[in-house]
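Just below is one structure, and these are the notes that go with it.
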There are 2 protein chains.
Amino acid sequence: MRERFYKIGEVSEMLDIEQYTLRYLENSLKLKIKRDERGDRQYSESDLDTLKLIMELREKGLNTTAIKMALENVEQVEETRVAPVNDNLLTTNIPELLALAQQIVVQNEEMLDNNKLLTERINRLEEKVEKRNMERERKIDEFLTLWKNEQEGKNKSWLSKLVGK
Amino acid sequence: MRERFYKIGEVSEMLDIEQYTLRYLENSLKLKIKRDERGDRQYSESDLDTLKLIMELREKGLNTTAIKMALENVEQVEETRVAPVNDNLLTTNIPELLALAQQIVVQNEEMLDNNKLLTERINRLEEKVEKRNMERERKIDEFLTLWKNEQEGKNKSWLSKLVGK
DNA sequence: ATTTACCTAATAACAAGTTATGAAGTAAGG
DNA sequence: CCTTACTTCATAACTTGTTATTAGGTAAAT
């Protein structure tokens, strides 16, 4: 399964960050974003996570240089993930944990957003179903009532008049 | 042996920091500097160390908020006496790690609750739809029965005309 | 052939953090 | 009494980081 990449326009849409801001962050934070044959930026999922993290740290009021430091930590964590993990608790790096925790927070926020979306969808769905069922039932009931009346002999019900003859 | 304190003029001289800058740092970084009976600032040795550290971090380009974080770190580390103070001031942040962990727990609980609610709602929704369908089927059956009767007898009912032959 | 979406680079415009200055007040000491 | 060294508070002046705009250019799709 090939990794998916996003163009800067998509990223801008998804993360609600202006395109020039994305370019600015790339320069100021020295992010290395892939380019395709034509030179267009290709953002990977990992890049998206990084950007989310960056925005969070920004909201916290962290400086560009501070964010740079934090990112270095995250990179280290991901590098060491490849290597066999035989370190016990004593040798475990706190920065590693911190970076991981930050990632988890980002992921969780994403999940929370997802949850919210699901809730909205269910709301709409419930409303829809309710409305539709009511309507259908109403129509059938109406029809049946009229039909029954008709059956009982009333030839001149308003419906038959209305329908014509 | 009583601790020695320095007045702002002395500190300014020793560390080559303007007095107004010292006051500014106290405010922006929320340092708690002792005051004497008259309200004059009294800088302790520890305060001097802190100030030196602050200037270093500043030179590195760290933000006020980043420095604030770093300072909290130092405090915590000195309190817990767990680890020697290394140069990873920004990231060796046990309190922050704990705070993050708590945040994660809260988020996860929220998500779990939400998930449970969503599941219940979906269950109810499905049940409802099922029930409605049953009901509708019943009514249609009823209708069909009547329709059959109609077909077998009265050829000129308004319904048959309406439906079209 | 025109629109769309991307690129770079320069620069304007704005916001915020910081440095610096000044006014007005208090207490200690020569 | 006058100077010195503090205090607070307000504000001016400057610096910097960031946002936003513009111009000029390429490639692909309509």
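Each chain gets a letter, A, B and so on, in the order its sequence line appears, and its residues count up from 1.
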Produce a footprint string for nucleotides 3-17 of chain D: one letter per nucleotide, 5' end first; B if the base is under 4.0 Å from any protein heavy atom, S if only the sugar-phosphate is, - if neither. ---SBB--------S
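- If you walk DNA chain C from 5' to 3' and mark each nucleotide with an atom closer than 4.0 Å to a heavy atom of chain B, the marks span C:dG17 to C:dA28.
- Residues that satisfy the side chain to side chain contact (heavy atoms under 4.5 Å, CB included) test with B:Thr65, not counting sequence neighbours, are A:Leu62, B:Asn63.
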Going through the checks in order, is the side chain to side chain contact (heavy atoms under 4.5 Å, CB included) test met by A:Ile8 and A:Asp40? CA-CA 8 Å; A:Ile8 196 173; A:Asp40 290 12; over 6 Å; no
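- In this view, B:Ser28 satisfies the side-chain hydrogen bond (donor to acceptor under 3.5 Å, both in side chains) rule with no residue, not counting sequence neighbours.
- Screening residues 15-31 of chain A for salt bridge (Lys or Arg N to Asp or Glu O under 4.0 Å), with sequence neighbours left out, gives A:Glu26-A:Arg35, A:Glu26-A:Arg41.
- Residues satisfying the salt bridge (Lys or Arg N to Asp or Glu O under 4.0 Å) criterion with B:Lys52, sequence neighbours excluded, are B:Asp49.
- Residues that satisfy the salt bridge (Lys or Arg N to Asp or Glu O under 4.0 Å) test with A:Glu45, not counting sequence neighbours, are absent from this structure.
- Qualifying side chain to side chain contact (heavy atoms under 4.5 Å, CB included) partners for B:Glu13, counting only residues two or more places apart in sequence or in other chains: none.
- Remark: A:Lys32 pairs with A:Glu75 by the salt bridge (Lys or Arg N to Asp or Glu O under 4.0 Å) rule, at least two apart or across chains.
- With sequence neighbours excluded, no residue satisfies side chain to side chain contact (heavy atoms under 4.5 Å, CB included) with A:Asn27.
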Do any N or O atoms of the protein come closer than 3.5 Å to N or O atoms of nucleotides 20-25 of chain D, and which pairs are they?
from   : atom 1 : to      : atom 2 : distance (Å)
D:dA20 : OP2    : A:Tyr20 : OH     : 2.5
D:dA20 : O5'    : A:Tyr20 : OH     : 2.7

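- As a whole-Å value, the separation of A:Leu25 CG from D:dT18 C1' is 10 Å.
- The side chain to side chain contact (heavy atoms under 4.5 Å, CB included) check on B:Lys34 picks up B:Phe5, B:Gln42, with sequence neighbours excluded.
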